[in-house]
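Beneath this line is the structure, given in structure tokens, with notes to follow.
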Amino acid sequence: MRVLVCDDSAVIRGLITRMLETDPDIAVVGRAGNGRDAIEAVRRNRPDVCVLDIEMPVMDGLAALPELLKVDPSLRVVMASTLTTRGADVAMRALKLGAADYVPKPTTTGEIAGAASFREEIIAKVKGLGRQRRRATPHGMAPTAARPVLIRPAPSLARAGSTLPPAVLAIGSSTGGPQALFTLFAGLGRNFPLPILVTQHMPPAFTPILAEHLTKVGGPPCAEAKDGEVPVAGRAYLAPGDTHLIVSTEGGSPRLHLSKSPPENFCRPAVDPMLRSASAAYGGRVLVVILTGMGHDGLKGAQAVVSAGGRVIAQDEATSIVWGMPGAVAQAGVASAILPIGDIAASVTSSIAKGARA
């Protein structure tokens, strides 16, 4: 994967370059200190992926983004945003302007140099986005508008449908998740008939901003979940950063709780505890969507949901940045459908309609 690194700090450019090049599948083919230089570097070097800082002199990342995509519409841009409220807001705005993803950047060079999680995340996103770019623009062809080739899964990976009508929609996502969530929420529409629970692997500064931006895409209103609230139809509840979202039953009604219990699958929030608890609280009447993400968080929870009579939909490999989480449920035979991100909302609404008629 050919990568351009754009950051106004020469030290950080060097650190990110060295991190990326520890993977033999990645080559850094250019470096730039501001957005204007990045535009010229894209013209010269034709990278697959650009890691783009936000705060820079001459031309910042948000101003450079649309110009980069004019030069090469299929370029995958990863915004490197600081772990602050402003960094989170700009990253979410950039996703709506055409950025493919973001990576939360530690605020000091020392933190970046010592952050194994940052190195793992940026490598995974660069490789996943690079693969998407290569599928969209095969070698020797001129770049075209960015749209991945959609490959339908083999039927043998999908299991039979659910046995119970759903009472709640539960969504798990990680790497590449915000963009996938924007697409899904927009497709669900404002008048969605079920409560929605969402766990996205994301730091605390980012989750309230993600909730705001999910609300703005025209889907169900979304907010960070609050401890003790009762989930209601037509609203989405997002697990706050560094906090598990749990469902219990009190007085015969489901109720949300926030937990600082230990991480699961190296994650907090994690998808598994949300799914396990939701399945118990709703008697298995859970419709699960597992979106793009590294690792296998959500697999055990999805298995519990299916065992109780619920249903699982997984995002397909072609439209996932990383087919870790959805791939795990697909390959375990837990998913009843494996679909491109653009088809998942329709499948969700169809499942609910079928359940209502049953």
Side-chain angles (χ1 to χ4, degrees), residues 1-21 23 25-82 84 86-107 109 112 118 121-148 176 178-179 182 213 321:
M1 307 305 167
R2 295 167 59 81
V3 183
L4 168 67
V5 177
C6 180
D7 194 291
D8 65 329
S9 166
V11 173
I12 292 177
R13 288 198 301 273
L15 285 172
I16 292 176
T17 296
R18 288 192 291 276
M19 282 181 177
L20 292 173
E21 291 192 329
D23 190 293
D25 292 332
I26 297 173
V28 175
V29 297
R31 304 187 203 183
N34 59 66
R36 187 176 64 190
D37 291 346
I39 294 167
E40 293 305 314
V42 167
R43 287 196 180 100
R44 287 193 310 270
N45 301 316
R46 290 292 173 176
D48 298 305
V49 180
C50 174
V51 179
L52 183 64
D53 190 22
I54 292 172
E55 303 285 352
M56 295 181 291
V58 184
M59 179 183 281
D60 65 23
L62 209 58
L65 175 61
E67 301 304 316
L68 291 168
L69 295 176
K70 284 180 186 176
V71 173
D72 183 351
S74 70
L75 177 69
R76 298 327 198 232
V77 179
V78 179
M79 307 302 295
S81 54
T82 54
T84 63
R86 169 170 163 71
D89 183 56
V90 174
M92 296 303 136
R93 285 163 55 199
L95 290 176
K96 292 182 177 179
L97 290 173
D101 212 326
Y102 78 97
V103 60
K105 184 174 67 173
T107 53
T109 55
I112 292 175
F118 175 75
E121 183 172 7
I122 197 170
I123 287 174
K125 289 184 176 182
V126 162
K127 290 178 72 174
L129 290 167
R131 282 192 293 268
Q132 278 195 346
R133 149 83 170 213
R134 296 294 177 90
R135 284 196 294 262
T137 56
H139 182 69
M141 293 177 62
T144 56
R147 183 168 179 82
Q179 276 284 38
F182 292 152
H213 283 266
I321 302 302

Does [X] use its side chain to pair, donor to acceptor, with the backbone of [Y] at less than 3.5 Å?
| X | Y | result |
| --- | --- | --- |
| Glu21 | Val28 | yes |
| Arg43 | Val71 | no |
| Gln179 | Asp101 | no |
| Asp23 | Asp25 | yes |

>> Testing Arg134, Arg131, Arg76, Lys125 one by one against Asp48 for a salt bridge (Lys or Arg N to Asp or Glu O under 4.0 Å), which residue passes?
In response: Arg134
Specify the closest pair of heavy atoms between [X] and [Y], including all atoms of both residues, with the distance to one decimal.
| X | Y | value |
| --- | --- | --- |
| Ala99 | Leu65 | N-CD2, 3.9 Å |
| Arg31 | Gly14 | NH1-CA, 3.8 Å |
| Leu62 | Arg93 | CD2-NH2, 3.1 Å |
| Ala63 | Glu67 | O-CG, 3.9 Å |

> Between Pro57 and Asp8, is any pair of side-chain heavy atoms under 4.5 Å apart?
Replying inline: yes
>> Using side-chain heavy atoms (C-beta onward) and a distance below 4.5 Å, is Ile123 in contact with Leu20?
In response: yes
> After noting the C-alpha distance and the side-chain angles of Asp53 and Lys105, does the key distance pass the salt bridge (charged side-chain N to carboxylate O under 4.0 Å, His left out) rule?
Replying inline: CA-CA 9 Å; Asp53 190 22; Lys105 184 174 67 173; 2.9 Å; yes
